[in-house]
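Protein chains get the first letters and strands the later ones, always in sequence-line order, with residue 1 at the start of each.
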Number of protein chains: 2
Amino acid sequence: MTTAAAPADFQKKFKYHHGNLRDALLSAATHILETKGIDGLSLRGLAKATGVTQAAPYSHFRDKDELLAAVAETGFQRLALQMAEDATGAAGTRQRIEKLVSSYIRFAVNNKPMFQLMFGRELSNLKKYPTLAMTAGKSYALISAALSKRAAGEGRQDARFLTVAIWSLCHGLTTLIVEEKLDPAGFGAGSTSEFVEKTVEIFAAQLG
Amino acid sequence: MTTAAAPADFQKKFKYHHGNLRDALLSAATHILETKGIDGLSLRGLAKATGVTQAAPYSHFRDKDELLAAVAETGFQRLALQMAEDATGAAGTRQRIEKLVSSYIRFAVNNKPMFQLMFGRELSNLKKYPTLAMTAGKSYALISAALSKRAAGEGRQDARFLTVAIWSLCHGLTTLIVEEKLDPAGFGAGSTSEFVEKTVEIFAAQLG
DNA sequence: CCGTTTATCTCAACAGTGCAAAGATGGAGC
DNA sequence: GCTCCATCTTTGCACTGTTGAGATAAACGG
């Protein structure tokens with residue numbers, strides 16, 4: 001009975017026993033994450049929202065971290081996808097970089113809690129989840145690839161460090177905005193996206 | 001009786017009733033933060049370590065956030081101090097910037113939990129603590145000031161965005177390293193500091 | 001020097017969290 | 001039809017932040 005789905009009753013979309021509770025949990029977790037924020041996502045609340053008991057999730061995830069890792073992975077997939085889409089049709093290395101960075105930041109602003117989860121402290125045991133690490137690397141690979149052509153002529157080592165620099169700028173600007181440590185409004189820019197564009201532009205200009 | 005102080009008994013350094021419990025709490029909190037990490041810092045554990053009951057801290061801080069804000073503020077002070085020291089005697093704008101950034105990252109690596117607290121999600125209500133916001137701005141001001149001379153000839157707007165760019169690079173590189181999303185070992189650099197130096201150098205080279 | 005006030009701390013309790021051990025349940029495969 | 005086993009429930013533990021009512025002792029006014 002896959003009805004058109006009232007907003008948040010994930011339980012009805014899945015069979016009771018021996019259904020795909022795992023997917024239901026991930027789906028509900030993502031929904032709670034986006035609505036209540038990262039601190040509003042508890043295993044007990046998640047279980048209740050999915051229509052099962054508080055201990056049920058432990059049949060599918062060893063602990064909360066493993067659940068969060070699975071949720072974060074879907075986030076990384078979406079991020080990489082969006083970045084790839086937004087950068088298609090970019091003319092030249094510089095414009096491609098600009099578009100990639102802009103896309104990254106837009107994702108973070110539009111999916112704040114998800115971004116906090118993806119790059120927050122809770123998943124710093126990232127190595128424990130090899131799948132996660134690989135998925136997380138895709139975005140980085142996009143920037144790296146965009147630079148690789150240009151760097152063919154120059155030193156390869158320099159290209160790697162330049163990638164790191166751009167990646168750092170991108171990530172740093174994003175976190176500062178998301179965690180509200182930097183207020184775009186204070187810079188005479190109308191919108192956040194305008195502010196981002198200008199900063200990235202000026203930075204990219206230095207790269208020639 | 002201010003004895004030479006065995007490592008962690010903060011309670012003995014202060015009077016029982018009507019002593020400076022507030023300072024004792026902050027001191028103990030900092031110690032716990034550095035040893036047990038940010039998740040290992042609970043109000044109850046803190047109270048026990050300080051030799052008071054779990055409800056005692058509430059006489060000095062409205063809630064846990066306010067305590068954390070106070071702890072973070074000492075961190076921001078130490079950061080600004082260290083950056084200012086490390087940048088003294090730098091020849092020219094570029095070297096000064098390099099030293100400031102290096103200092104920032106070294107602080108983060110040497111005081112990981114403190115850095116996580118200072119720039120983490122828990123204090124994103126930063127505006128609620130005006131003192132904190134002001135102290136936090138000092139480090140940014142250092143970079144901004146280092147660029148101001150150079151920017152006098154150029155457009156002032158550009159200078160502001162350039163400051164943001166450098167600040168973002170600095171902060172991004174730091175968080176990626178601290179949260180273990182970027183492994184310096186994978187870049188052929190021996191130590192983290194060497195890796196940082198090289199990245200900053202290459203970045204600064206782009207600025208001329 | 002004594003009595004009152006007030007900041008400070010204790011005691012006890014509530015609601016919430018992640019997690020684990022033991023038992024019930026029902027679908028899958030022989 | 002029977003057994004097996006993944007799945008889910010029940011129950012409980014230890015921990016968290018926070019609160020309200022009371023004890024206590026320092027500070028202050030007389």
Side-chain angles (χ1 to χ4, degrees), chain A residues 10-29 32-33 36-72 113 117 120-125 128-129, chain B residues 9-29 32-33 35-72 113 117 120-125 128-129:
Chain A
F10 300 92
Q11 61 270 41
K12 295 191 178 169
K13 286 195 282 188
F14 303 91
K15 294 186 296 184
Y16 162 66
H17 197 211
H18 237 236
N20 33 11
L21 176 62
R22 187 191 157 96
D23 289 348
L25 286 171
L26 287 181
S27 179
I32 294 178
L33 180 66
K36 314 263 186 187
I38 198 169
D39 288 325
L41 176 55
S42 71
L43 275 187
R44 295 171 108 104
L46 171 61
K48 190 160 291 181
T50 319
V52 293
T53 327
Q54 58 197 17
Y58 287 93
S59 294
H60 300 271
F61 303 94
R62 193 179 321 158
D63 50 20
K64 189 180 184 182
D65 272 10
E66 198 168 293
L67 202 182
L68 292 181
V71 173
L117 170 62
R121 170 175 26 90
E122 25 272 318
L123 261 61
S124 71
N125 342 313
K128 288 190 61 179
Y129 310 99
Chain B
D9 48 359
F10 299 92
Q11 62 269 37
K12 296 191 178 169
K13 284 196 283 190
F14 304 91
K15 293 186 292 183
Y16 161 66
H17 197 214
H18 236 239
N20 32 13
L21 177 63
R22 189 193 157 94
D23 289 349
L25 286 171
L26 287 180
S27 178
I32 294 178
L33 181 66
T35 54
K36 314 263 186 189
I38 198 168
D39 288 325
L41 176 55
S42 71
L43 275 188
R44 294 172 108 103
L46 171 61
K48 190 159 291 180
T50 320
V52 292
T53 325
Q54 59 198 18
Y58 286 92
S59 294
H60 300 270
F61 303 94
R62 191 178 324 146
D63 50 19
K64 190 180 183 182
D65 272 11
E66 198 169 292
L67 203 185
L68 292 181
V71 173
L117 170 63
R121 170 175 28 87
E122 27 272 316
L123 263 59
S124 72
N125 342 316
K128 288 190 59 177
Y129 310 99

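A residue-by-residue look at B:Ser42 and A:Pro57 shows that A:Pro57 has its nearest nucleotide of DNA chain D further toward the 5' end. Mapping B:Arg62 and A:Thr53 onto DNA chain D by nearest heavy atom places A:Thr53 closer to the 5' end of the strand. The nearest heavy atom of DNA chain C to A:Gly45 and to A:Ala55 marks one nucleotide each, and the one closer to the 5' end goes with A:Gly45.
Between A:Arg62 and the options A:Glu66, A:His60, A:Lys64, a side-chain contact (heavy atoms from CB on, under 4.5 Å) holds for only A:Glu66.
Under a 4.0 Å N-O distance rule, the pair A:Asp65/A:Lys128 does not qualify as a salt bridge.
Between A:Leu25 atom CG and C:dG18 atom P the separation is 13 Å, expressed in whole Å. Nucleotide D:dA26 holds its C1' atom 14 Å from the CG atom of B:Asn20, rounded to whole Å. Between the CD atom of B:Glu122 and the P atom of D:dG17 there is a distance of 12 Å, given to the nearest Å. Rounded to a whole Å, the CG atom of B:Asp39 is 13 Å from the C1' atom of C:dG18. Going from atom CZ of B:Phe61 over to atom P of C:dT8 covers 12 Å, rounded to whole Å. Remark: P of C:dG16 and NZ of B:Lys64 are 18 Å apart, rounded to the nearest angstrom. With rounding to whole Å, B:Lys48 atom NZ is found 15 Å from D:dG17 atom C1'. Rounding to whole angstrom units, CG of residue B:Leu46 and P of D:dG17 are separated by 9 Å.
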Test side-chain contact (heavy atoms from CB on, under 4.5 Å) on A:Ile38 and A:Glu122; report intermediate values, then the result.
CA-CA 10 Å; A:Ile38 198 169; A:Glu122 25 272 318; 3.9 Å; yes
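In the interface, the side chain of A:Gln54 is paired with the base of D:dG12 through a donor and an acceptor atom under 3.5 Å apart. A donor-acceptor contact under 3.5 Å is not formed by the side chain of A:Arg44 with the base of C:dG16.
Within the structure, a side-chain polar atom (N or O) of B:His60 is placed less than 4.0 Å from OP1 or OP2 of C:dC9.
Side-chain atoms of B:Lys36 and B:Leu41, non-hydrogen and from C-beta on, never get closer than 4.5 Å to each other.
Taking the side chain of A:Tyr58 as heavy atoms from C-beta on, and the options D:dC8, C:dT10, C:dC19, the nearest nucleotide is C:dC19.
Of the possible donor and acceptor atoms, none in the side chain of B:Ser27 sits under 3.5 Å from a partner among the backbone N and O of B:Asp23.
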